[in-house]
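For reference, the structure discussed in these notes is given below.
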Protein chains: 2
Amino acid sequence: MNQVDWETANAICERLSPEQDLLVREIVTQISEKWTLWVMSVLAEAGEPMRFSRVMERVEGISQKSLTKTLRQLEKGGLVTRMVFPEVPPRVEYRITQLGEELLVQLHPVWLWTVANVERFEVARAGYAGDGRTNPWTQPRVAV
Amino acid sequence: MNQVDWETANAICERLSPEQDLLVREIVTQISEKWTLWVMSVLAEAGEPMRFSRVMERVEGISQKSLTKTLRQLEKGGLVTRMVFPEVPPRVEYRITQLGEELLVQLHPVWLWTVANVERFEVARAGYAGDGRTNPWTQPRVAV
DNA sequence: CTGCATCCGTTACGATACTG
DNA sequence: CAGTATCGTAACGGATGCAG
């Protein structure tokens, strides 16, 4: 059944310093933010420095404000570098870091698995009744 | 360097129906929500049905409102089952589904990798200057 | 015991206008 | 070009009170 070894995981957790524990949470939180992964993917896919407006074109639906914020946070987190060229008109280039790249590599199998299992999700969602009238005796709770 | 194969990824994306594409995004969005992963981990670790208040005890810092919301969303998404027992006092039990369990299994390596690399994140964050005065010629932008 | 309803402050997000 | 400033809206999240 390929379960997660929670005992080991907890042991690992307890070996972390409080600061490190906090940091791990922060990292998880950061990559969970709305545009973060999308922006990172765009930069990783490009594989080369990208200007602000190029990124904006490729992250469909993002506002200038949110893009700025997301990129700055990624920079703080060491996942993206930001380079300002002292020119007129201004040029700013963003590039994914080694750390960011590796993080995406870790995340990729999750995405692949999700895509490969969309249909199971579809089924699961279709079978959702939506009321509180679950019957405990019909276990796979489809159609009470 | 173990990169992500973006070409293949894009090809996979385009083979998805618009509905499926939307669903994948929804799934990603859902698991990115603040308490989702934590709640799922607690249920998975327990490995057996848990009552509302037991879950609440183990998800440190969550409010009742947020826990209710999170659990309901997980139920909708097919990641958690909710069973109401028609008793007095009321009893409601939550349990992770097969799909939810598998999703966590997929996510676990990411967490392991993050923990194993905390120190790199620490270094990256420590080296962040925080102003816009990046010098493009001193690449690893520590101390302009 | 579960968990909904309400209030209320904080944060997130988008649109628009403006600056170096 | 790459933002910042400002505004308005919407979602989030905690605390409290209450119902079944």
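In what follows, chains are A, B, ... by sequence order, proteins preceding strands, each numbered from 1.
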Looking at R125(B) and E75(A), is there a salt bridge between them, counting it only when a charged N and a carboxylate O are closer than 4.0 Å? no

Charged N-O contact under 4.0 Å between E93(A) and R91(A): yes

[X] side-chain N/O to [N] phosphate OP1/OP2 under 4.0 Å:
X	N	value
K69(A)	dA12(C)	yes
R91(B)	dG3(C)	no
S66(B)	dC12(D)	no
R72(B)	dC4(C)	yes
R51(A)	dA2(D)	yes
Y94(A)	dC1(D)	no
S63(B)	dA15(D)	no
T68(A)	dA2(D)	no

Could you state the atom-to-atom distance from [atom1] of [X] to [atom2] of [N] in whole Å?
X	N	atom1	atom2	answer
M56(B)	dC4(C)	CE	P	13 Å
L67(A)	dG3(D)	CG	P	8 Å
Q30(A)	dT11(C)	CD	C1'	17 Å
Q64(B)	dG14(D)	CD	C1'	11 Å
E60(B)	dG13(D)	CD	P	17 Å
F85(A)	dG3(D)	CZ	P	12 Å
M83(A)	dC1(D)	CE	P	19 Å
L71(B)	dC1(C)	CG	P	17 Å

Do E87(A) and dC1(D) share a donor-acceptor pair, side chain to base, under 3.5 Å? no

Toward the 5' end of DNA chain C, by each residue's nearest nucleotide, P90(A) or I62(A): I62(A)

Taking the side chain of [X] as heavy atoms from C-beta outward, which of [options] is closest to it?
X	options	result
K34(A)	dC13(C), dG3(D), dC1(C)	dC13(C)
V92(B)	dG3(C), dC1(C), dT6(C)	dG3(C)
F52(B)	dC1(C), dG14(C), dG3(C)	dG3(C)
K65(B)	dG17(D), dC7(C), dG3(D)	dC7(C)

Using modelled atom types only, decide if a donor and an acceptor are shared between the side chain of Q20(A) and the backbone of S17(A) within a distance under 3.5 Å. yes

When you measure from the side chain of S32(A) to the backbone of E33(B), do you find a donor-acceptor pair of N or O atoms at a distance under 3.5 Å? no

To the nearest 0.5 Å, atom OG1 of T29(A) lies from atom CD of Q73(A) at 11.0 Å

Ring geometry between F121(B) and W113(B) (parallel below 30°, tilted from 30 to 60°, perpendicular above 60°): perpendicular

Within the 4.0 Å heavy-atom criterion, would you say R54(A) contacts the bases, only the backbone, or no part of the nucleic acid? nothing

